[in-house]
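Notes follow once the structure below has been shown.
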Amino acid sequence: MQALTPHVYWAQRHGEIYLRVEISDAQNLNIGVEENILHFRGQGYGAKGENEYEFSLEFLKPVKPEVKHKSTQRQVNITVKKQEHVWWNRLTKQERKPLFLAPDFDRWLDESDAEMELREKEEKINKVSIESRVRKDPYLGLKKGFLFMYNLVQFLGYSWIFVNMTVRLFILGQDSFYDTFHTIADVMYFCQMLAIMEVINPAVGLVKTGVMPAFIQVMGRNFILFVIFGSLEDMQNKPVVFFVFYLWSTIEIFRYPFYMLTCIDTEWKLLTWLRYTIWIPLYPLGVLAEAVAVVQSIPIFDETKLLSIPLPKAIGFSLSFSYILQLYLVLMFLGLFINFRHLFKQRRRRFRTKKRKAN
Ligand SMILES: CCCCCCCCCCCCC/C=C/C(=O)SCCNC(=O)CCNC(=O)[C@H](O)C(C)(C)COP(=O)(O)OP(=O)(O)OC[C@H]1O[C@@H](n2cnc3c(N)ncnc32)[C@H](O)[C@@H]1OP(=O)(O)O
């Protein structure tokens, strides 16, 4: 029996080629790709009745050797994967289309429609994976509620500090510099004690960010607040307290409302921009103000011998706390460098994702 050529219909997507071979009740199928040529052989009912049918097609561009096929009562469907995700101008290497080959208008899409189909598929997959991730965490509402309340309390605390200091600055002018600590310290103590949650939250996986930058930030501030200002009365009426507290609170009145909005999946563009930009001048200024406070405290610690470490009697003197402060000054700029890099990365990540979403 001489083999005949069946009618073959084709269509493509960016990653695949679909072939429909018009043979019903196909049997003894032998389909494969060798050296980029698809060979088909099989028996069945085609245009010229029951017969042996065969054809070969040399593809325009490289395809993967694995071929998937499925025969139904009416036809044989073949799927071949392209090596590269690209759109082909035609199916075969030879420019003239073989006579037995025609477009499969049931599956036919032009390039832009195929791209749209691909995008819709990707969006569907993304949506399903986001939904399943969201569904996986039964405590999500509780966690978001907790974070929202935490951020709200911090926002109220720092807003009180900021407004209070600003009003006092307007009314008293430079005189307000000298008693900042006595008016503000209690609320600042409360906010900074609470800020320890900022280290705990990423450590227990409540927020997706690094523990180290938060640790540097919270411990650095608490050191200044409790050790430098809190333990030395002579430091408490120095103007540097004003600058440290004002710089801390200025950044926080933007950061906490930004977090509050993320807890309720809302975004205000201006607030996001401020959260990820205003630290650029404020962080170095804040660390500079803290460094001034540390430097000013060194002679006071030396004089009062407060927190100095007593050494064995034979040596006859104690190790002044000022040595630790000098070491801390070095750590401070190291901490500034680590957090500056971290915040730059967060800024780039935030604005890059935004840009990509906008495209
Ligand atoms: C004994 C001492 C040892 C320590 C020694 C170290 C020496 C210390 C030296 C350094 C001293 C620094 C002291 C500080 C000085 C100042 O503060 S100066 C004033 C200016 N300050 C600033 O500008 C810093 C402000 N602080 C911060 O930005 C943060 O605290 C940070 C930790 C530095 C960075 O924040 P991070 O959380 O990593 O980045 P984000 O992009 O904001 O968040 C990431 C994602 O996490 C979500 N998220 C985070 N927190 C919350 C929250 N509370 N609630 C809800 N969600 C939160 C956030 O939304 C992000 O999620 P996505 O939106 O999905 O990305």
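Numbers for residues simply follow the sequence, beginning at 1. Order of listing sets the numbers, starting from 1, for every ligand and every atom in it.
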Q | Residues Ser112 and Asp110: side-chain donor-acceptor under 3.5 angstrom | A | yes
Q: Linking directly or through intermediates, with side-chain heavy atoms under 4.5 Å: list the remaining ILVMFWY members grouped with Tyr18, chain and number order.
A: none
(Q) Working to the nearest 0.5 angstrom, can you tell me the gap between Leu329 CG and Glu290 CD? (A) 10.5 Å
Are there any protein N or O atoms under 3.5 Å from the N or O atoms of ligand 1? List them with distances, or say none.
unit_1	atom_1	unit_2	atom_2	d
ligand 1	17 (O)	Arg221	NE	2.9
ligand 1	17 (O)	Arg221	NH2	2.7
ligand 1	26 (N)	Gln217	NE2	3.4
ligand 1	28 (O)	Arg275	NH2	2.8
ligand 1	30 (O)	Arg255	NH1	3.2
ligand 1	37 (O)	Tyr259	OH	3.4
ligand 1	38 (O)	Thr209	OG1	2.5
ligand 1	38 (O)	His342	NE2	2.5
ligand 1	38 (O)	Gln346	NE2	3.4
ligand 1	39 (O)	Gln346	NE2	3.0
ligand 1	41 (O)	Tyr276	OH	2.5
ligand 1	41 (O)	Gln346	NE2	3.1
ligand 1	42 (O)	Tyr259	OH	2.6
ligand 1	42 (O)	Arg275	NE	3.1
ligand 1	42 (O)	Arg275	NH2	2.9
ligand 1	53 (N)	Asn151	OD1	3.0
ligand 1	54 (N)	Asn151	ND2	2.9
ligand 1	63 (O)	Arg350	NH2	2.4
ligand 1	65 (O)	Arg349	NH1	3.4
ligand 1	65 (O)	Arg349	NH2	2.8
ligand 1	65 (O)	Arg350	NH2	3.3

Q.
For a quick check under 3.5 Å, do Thr272 and Glu267 share a side-chain donor-acceptor pair by atom type?
A. yes
N/O donor-acceptor pairs under 3.5 Å from side chains in residues 233-246, not counting sequence neighbours:
unit_1	atom_1	unit_2	atom_2	d
Gln236	NE2	Phe229	O	2.9
Gln236	NE2	Gly230	O	3.4
Tyr246	OH	Thr166	OG1	2.8

(Q) Test: ring-ring contact (aromatic ring centres under 6.0 Å, His included). Region: residues 274-295. Which pairs qualify, not counting sequence neighbours? (A) Phe258-Tyr276, Trp279-Phe340, Trp279-Phe344
